[in-house]
**Student:** 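The structure under discussion is supplied below as structure tokens; questions concerning it will follow.
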Amino acid sequence: MPIRDDVLVVGGGLAAATSALAAAESGKTVRLVAHKKSTLRQASGLIDVLGYTDGDGPHADPYAAISELPDDHPYKLVGEDGIKEGLRIFDEAVGEMYAGGHTDTNALVPTYGGTVKPTARYPKSVEPGLASVGESTLFVGFEGTTDFAPQVVADHVAAAGVPFETRGVRVPFPKTFRDDARLTRLAKALDKDESAGRVGVRRKLAETVKAHLEGEERVGFPAMLGDAHGEEVRAELEDRLGVSVFEVPTGPPSLLGLQLEDRLFDALDEAGVRISTGNPAVGYEADGDRIEAVYVDRRGNRVPYHAEEFVLATGGLVGKGIDSDRERVTEPVFGCHIPHPDDRYDWSDEEAFGGHEFARFGVVPDEEMRPTTASGEPHFENLRAAGSVVGGADVAREKSASGVSLATGAVAGSRAGEEA
């Protein structure tokens, strides 16, 4: 039997999940086809909307800063309503797992590099550590790990001008692992409260850290305070230490990113979205200006997935949703037009942290989120785009990656659901 749905979303990240959830709200049948694991597991787990514009910031109100963005920025296309719709879908998907939905303003979150990052949504475990809270802070790292340098974090956070004293200390983890043990292994030990001699690792960790407290009002750990039982672990540490305990978002492998990915895929399942993973989209079949099916490579066989509407959410250059070589930049599934300078030396800026042209590469959508040709016409009537495959935003410099994914995903998915 042919595989057929009303809406087919190609991709597996935040934009794809948002598109699928938005389309599912229409009551139509939706399928998500993803190749590899989502890049969410490499991300911090923070949801940034807009922190900086042209190097200026951080902005307290991301919506007020939209007017400062270039005319071809995705936010100019979807507008404030599109951003808020994306955040609504996200908030409903994650429930009480995240904080920040009570306000339209950004929060300032310390990260593992010691930066203070403007972000719109953040895990509940991160909330007690917000930089706007004037409580003295002890950052704790662990001997034998290289992911988190507590004194460096403390120094950098202090240099950002926060209204509290900071200090860092590195301690042994209560249970011995090999020297290169990842934070995820430590999280598992805390989750299960594994034995650390005569007591569990939670109690032993609290006793170890308490000996280093010098009147600090809160303690920040790298994001490894359990997984399935994270809130339980944090609550026990708070009780034993007598101070607030929070997690600091870390780099890959990001436990907060993994948890977010799991929750979003649970939400997709709850919404009735069919999920097919592990096989790449390699082409399509079209009839005139309408796509009939997307071909997926399954062990060397090209399997067609039919639908009425399609959403392209395969990511940008990092996610391989956009390809490049020394000559040109391409979108590999549908062959959509990607504007770029003919001279590849114009793709980047001389300054390492300058405004690189390649960072803004992507398809150019119309008001219906349909990728357009070089002449401005839709490539296909029933194809829409969302996320990093959409051009016009320097998301790393702007701290806007999640917001762009949510906003374009919400608009593309809802339009697809309406038209299917």
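Keep in mind it's a predicted model, so treat the numbers as computed, not measured.
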**Student:** Checking Thr105 now: which residues fulfil side-chain contact (heavy atoms from CB on, under 4.5 Å) with it, not counting sequence neighbours?
**Tutor:** Thr103
**Student:** Could you walk me through whether Lys124 and Glu231 pass the salt bridge (charged side-chain N to carboxylate O under 4.0 Å, His left out) check?
**Tutor:** CA-CA 9 Å; Lys124 280 281 190 180; Glu231 283 301 300; over 6 Å; no
**Student:** Under the criterion salt bridge (charged side-chain N to carboxylate O under 4.0 Å, His left out), I'd like the reasoning laid out for Arg360 against Glu398: C-alpha separation, chi angles, the key distance, then a yes or no.
**Tutor:** CA-CA 11 Å; Arg360 303 176 70 244; Glu398 298 164 359; 5.8 Å; no
**Student:** How would you list, by chain and number, every residue that makes a ring-ring contact (aromatic ring centres under 6.0 Å, His included) with Phe148, sequence neighbours excluded?
**Tutor:** none
**Student:** With rounding to the nearest 0.5 angstrom, report the CD to CD1 distance, Glu331 to Ile338.
**Tutor:**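 Going from CD on Glu331 over to CD1 on Ile338, the span is 6.0 Å.
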**Student:** I'd like to know if the side chain of Arg274 pairs up with that of Thr29 as donor and acceptor (distance under 3.5 Å, no hydrogens or angles considered).
**Tutor:** no
**Student:** Please list all pairs meeting side-chain hydrogen bond (donor to acceptor under 3.5 Å, both in side chains) that have one or both residues in residues 85-94, counting only residues at least two apart or in different chains.
**Tutor:**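 Every pair satisfying side-chain hydrogen bond (donor to acceptor under 3.5 Å, both in side chains) with a residue in residues 85-94: Glu25-Arg88, Glu85-Arg88, Arg88-Glu92, Asp91-Arg121.
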**Student:** Quick test of your reading of the model: are Glu247 and Arg234 salt-bridged, counting only N-O distances below 4.0 Å?
**Tutor:**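 Salt bridge absent between Glu247 and Arg234.
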**Student:** List for me each residue that meets ring-ring contact (aromatic ring centres under 6.0 Å, His included) alongside Phe380, sequence neighbours excluded, and say none if there are none.
**Tutor:** Tyr284
**Student:** With salt bridge (charged side-chain N to carboxylate O under 4.0 Å, His left out) as the test, would you mind laying out the steps for Arg263 and Glu270 before giving the verdict?
**Tutor:** CA-CA 10 Å; Arg263 180 66 200 106; Glu270 292 162 8; 3.4 Å; yes
**Student:** Please report the shortest heavy-atom distance between Glu309 and Ala416, naming the atom on each side.
**Tutor:** CG-O, 3.3 Å
**Student:** Would you mind telling me which of Lys188, Arg202, Arg185 makes a salt bridge (charged side-chain N to carboxylate O under 4.0 Å, His left out) with Glu194?
**Tutor:**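 Going through Lys188, Arg202, Arg185 one by one, the salt bridge (charged side-chain N to carboxylate O under 4.0 Å, His left out) with Glu194 is satisfied by Arg185 alone.
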**Student:** Mind listing the closest non-hydrogen atom pair of Pro74 and Val390 along with its distance?
**Tutor:**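 Shortest heavy-atom separation between Pro74 and Val390 comes out as CG-CG1, 3.9 Å.
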**Student:** Distance check, rounded to the nearest 0.5 Å: Ile47 atom CD1 versus Phe90 atom CZ?
**Tutor:**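 Result: 4.0 Å between the selected atoms.
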**Student:** Looking at every heavy atom in both Leu186 and Phe173, which two are closest together, and how far apart are they?
**Tutor:**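 In terms of heavy atoms, the two residues are closest at CD2-CD1, 3.7 Å.
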**Student:** Answer yes or no: does atom NZ of Lys76 have more than 12 heavy-atom neighbours from other residues, nucleotides or ligands under 6.0 Å?
**Tutor:** yes
**Student:** Which residues satisfy the side-chain contact (heavy atoms from CB on, under 4.5 Å) test with Thr115, sequence neighbours excluded?
**Tutor:**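 For Thr115, the residues satisfying side-chain contact (heavy atoms from CB on, under 4.5 Å) (neighbours in sequence not counted) are Thr111.
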**Student:** Testing Glu217, Glu214, Arg218 one by one against Ser136 for a side chain to side chain donor-acceptor pair (under 3.5 Å), which residue passes?
**Tutor:**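 Among Glu217, Glu214, Arg218, the one that satisfies the side chain to side chain donor-acceptor pair (under 3.5 Å) with Ser136 is Glu217.
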**Student:** According to side-chain hydrogen bond (donor to acceptor under 3.5 Å, both in side chains), does anything in residues 151-161 pair up with another residue at least two apart or in another chain? List the pairs.
**Tutor:** Gln151-Asp155
**Student:** Between Ala281 and Val294, which heavy-atom pair has the shortest distance, and what is it?
**Tutor:** CB-CG1, 3.9 Å
**Student:** Using every non-hydrogen atom in the two residues, find where Lys28 and Ser26 come nearest and quote the distance to one decimal.
**Tutor:** CG-OG, 3.0 Å
**Student:** Hey, is the main chain of Glu368 close enough, under 3.5 Å, to the side chain of Arg384 for a donor-acceptor pair?
**Tutor:** yes
**Student:** Of the non-hydrogen atoms in Ala410 and Ile89, which two are nearest, and what is the gap between them?
**Tutor:** CB-CD1, 3.8 Å
**Student:** Centre of Tyr63's six-membered ring, under 6.0 Å away, within 45 degrees of the axis: is that where NZ or CZ of Lys84 sits?
**Tutor:**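 Verdict for Tyr63: a cation-pi partner in Lys84.
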**Student:** Kindly determine whether Asp227 and Gln259 satisfy side chain to side chain donor-acceptor pair (under 3.5 Å), including the steps that lead there.
**Tutor:** CA-CA 8 Å; Asp227 184 9; Gln259 291 168 344; 3.0 Å; yes
**Student:** Do the side chains of Arg240 and Glu236 get close enough for a salt bridge, i.e. N-O under 4.0 angstrom?
**Tutor:** yes
**Student:** Are more than 12 heavy atoms, taken from residues, nucleotides or ligands other than Lys204, located less than 6.0 Å from that residue's NZ atom?
**Tutor:**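 No, the 6.0 Å shell around NZ holds no more than 12 heavy atoms from other groups.
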**Student:** State the CD1-OG1 distance between Ile322 and Thr330, to the nearest 0.5 angstrom.
**Tutor:**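 Rounded to the nearest 0.5 Å, the CD1-OG1 separation comes out at 9.0 Å.
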